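The shown structure was predicted, so the numbers you read here are calculated from the model rather than taken from an experiment. Chain letters run A, B, ... following the sequence lines, proteins first, then strands; residues in each count from 1.
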Protein chains: 2
Amino acid sequence: MKFTKATNYALHTMLTLVTASPAKPIGVQQLAESQGVSPTYLSKILTKLVKAEMIESISGAHGGYRLSQKKDDITFLDIIHAIEGTASLFECNFVHGDECSIQAVMTEAEGKMQSHLRNTKLADLVQKQP
Amino acid sequence: MKFTKATNYALHTMLTLVTASPAKPIGVQQLAESQGVSPTYLSKILTKLVKAEMIESISGAHGGYRLSQKKDDITFLDIIHAIEGTASLFECNFVHGDECSIQAVMTEAEGKMQSHLRNTKLADLVQKQP
DNA sequence: CCTTCATAGACTTTACCTATCTATAATATC
DNA sequence: GATATTATAGATAGGTAAAGTCTATGAAGG
Ligand code: SF4
Ligand code: SF4
């Protein structure tokens, strides 16, 4: 029960991209180096973010990654879901109907966490940077 | 990023115990059978709950498990922490000081979930049973 | 004494995360 | 067009923690 490292990398990359100039994309090599992770592995993670249409990739020389147009709508929950999937944190083997009290408590608890992550946008971090 | 099955087993066992008579303890064999899990594995999990002083174990014939005295104070968070530990869900490799905005968001989100789990007691489920 | 039942440790198996390697496609520069 | 640069994709290997098994030990009741 922990967030994966991939999520960690994704969040840091997004933080880097949101503070960077959208004019010149940043290569995966540079992004990887600043986080101490291999470029090939990070690129796998970033591809997920591309598929989720949060960032754009530019191939070829002077290529790299930059935020997509909808950068102001991206929430923490979006990033996490893009990497970890959207499955529920608590899954029971059998399903004994909707009135199950255990499931109700667990699902609501997860919902509380999600709603905070959904209400916090990536753009909210920009002002807080020194 | 998922709750472990062990947590699932623990929650169900606790639900069974809270609705049972405290006079006669329930054996691990019966508890395991109703959940479709092996008795030896479940016993490992229940031992953690004993160490956390949430349940008591009685050895010997007619032995088994029953809730401890403080049954009215047991929260969902207590059970989860007893099984999964109390480490934070989000852990970054480097620590760049307290002002880190990523960590702040993630920690607060987790806190929202925890506070719901802490405010829901095991005893709250009893009324809801048919 | 013998049966029942919890406890503990060592151990195996399984599943998933993490990471690497290689080949391929796209783009810019010359 | 040739070449260098860079992202993408798939296969694959490694590592780690969860999930489950086995066996031995110890406590309690009859
Ligand atoms: S009791 Fe609830 S949580 Fe447990 S298996 Fe049934 S539906 Fe799932
Ligand atoms: S930026 Fe924040 S979350 Fe990232 S490594 Fe530094 S302290 Fe941790």
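In this structure a side-chain-to-backbone donor-acceptor pair under 3.5 Å is present from B:His12 to B:Asn8. Although no hydrogens or angles enter the test, the distance criterion places no donor-acceptor pair under 3.5 Å between the side chain of A:Asp78 and the main chain of A:Ile74. No donor-acceptor pair under 3.5 Å is formed between the side chain of B:Thr107 and the backbone N or O of B:Ala104. Judged purely by atom type and a 3.5 angstrom limit, A:Asp124 uses its side chain to pair as donor or acceptor with the backbone of A:Lys121. Side chain of B:Ser34 to backbone of B:Leu31: a donor-acceptor contact under 3.5 angstrom is found. A:Asp72 contributes no side-chain N or O that, together with a main-chain N or O of A:Ala123, makes up a donor-acceptor pair within less than 3.5 Å.
Hydrophobic clustering (side-chain heavy atoms under 4.5 Å, transitive across Ile, Leu, Val, Met, Phe, Trp, Tyr) groups B:Ile45 together with B:Ile26.
Between the CD atom of B:Glu91 and the C1' atom of D:dT16 there is a distance of 15 Å, rounded to whole Å. For B:Ile58 and D:dG30, the CD1 to P distance is 14 Å, given to the nearest whole Å. Rounded to whole angstrom, the span from the CD1 atom of A:Ile55 across to the P atom of D:dT6 amounts to 17 Å. In this structure, the OH atom of B:Tyr41 is 19 Å from the C1' atom of D:dT23, given to the nearest Å. Following rounding to the nearest Å, A:Met1 (CE) and D:dA19 (C1') show an atom-to-atom distance of 18 Å.
If B:Gly60 and A:Lys5 are placed on DNA chain C by their nearest nucleotide, the residue sitting closer to the 5' end is B:Gly60. The residue among A:Thr4 and A:Ser59 whose nearest nucleotide of DNA chain C is located toward the 5' end is A:Thr4.
Screening B:Lys71, B:Lys51, B:Arg66, B:Lys70 for a salt bridge (charged side-chain N to carboxylate O under 4.0 Å, His left out) with B:Glu56, the sole residue that qualifies is B:Arg66. When A:Val37, A:Leu42, A:Thr13 are each tested for a side-chain contact (heavy atoms from CB on, under 4.5 Å) with A:Val28, only one passes: A:Leu42.
Listed nucleotides D:dA28, D:dT8, D:dC22 differ in distance to A:Ser57; the shortest reach to its side chain belongs to D:dT8. Closest to the A:Tyr65 side chain, of the nucleotides D:dT23, D:dA27, D:dA7, is D:dA7.
Among the heavy atoms of the strands, none lies under 4.0 Å from B:Phe3. Backbone-only engagement by B:Ser38 is indicated by non-hydrogen atom pairs under 4.0 Å involving sugar-phosphate atoms exclusively.
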Pair pattern of DNA chain D in dot-bracket, where unpaired bases get dots and | marks partners in another strand, Watson-Crick or G-U under 3.5 angstrom: ||||||||||||||||||||||||||||||

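Side-chain atoms of B:His116 and B:Phe76, non-hydrogen and from C-beta on, never get closer than 4.5 Å to each other.
Reading DNA chain C from its 5' end, the first and the last nucleotide to sit under 4.0 Å from a heavy atom of chain B are C:dT4 to C:dA10.
Between the CE atom in A:Met14 and the CD1 atom in B:Ile102 there is a gap of 10.5 Å [rounded to 0.5 Å].
Side-chain nitrogen and oxygen atoms of B:Tyr9 include at least one within less than 4.0 Å of the OP1 or OP2 phosphate oxygen of D:dG20.
The number of heavy atoms from other shown groups lying within 6.0 Å of CD (B:Glu91) is above 12.
For the contact set between residues 42-54 of chain B and DNA chain C, defined by any heavy atom under 4.0 Å, the members are B:Ser43, B:Lys44, B:Thr47, B:Lys51.
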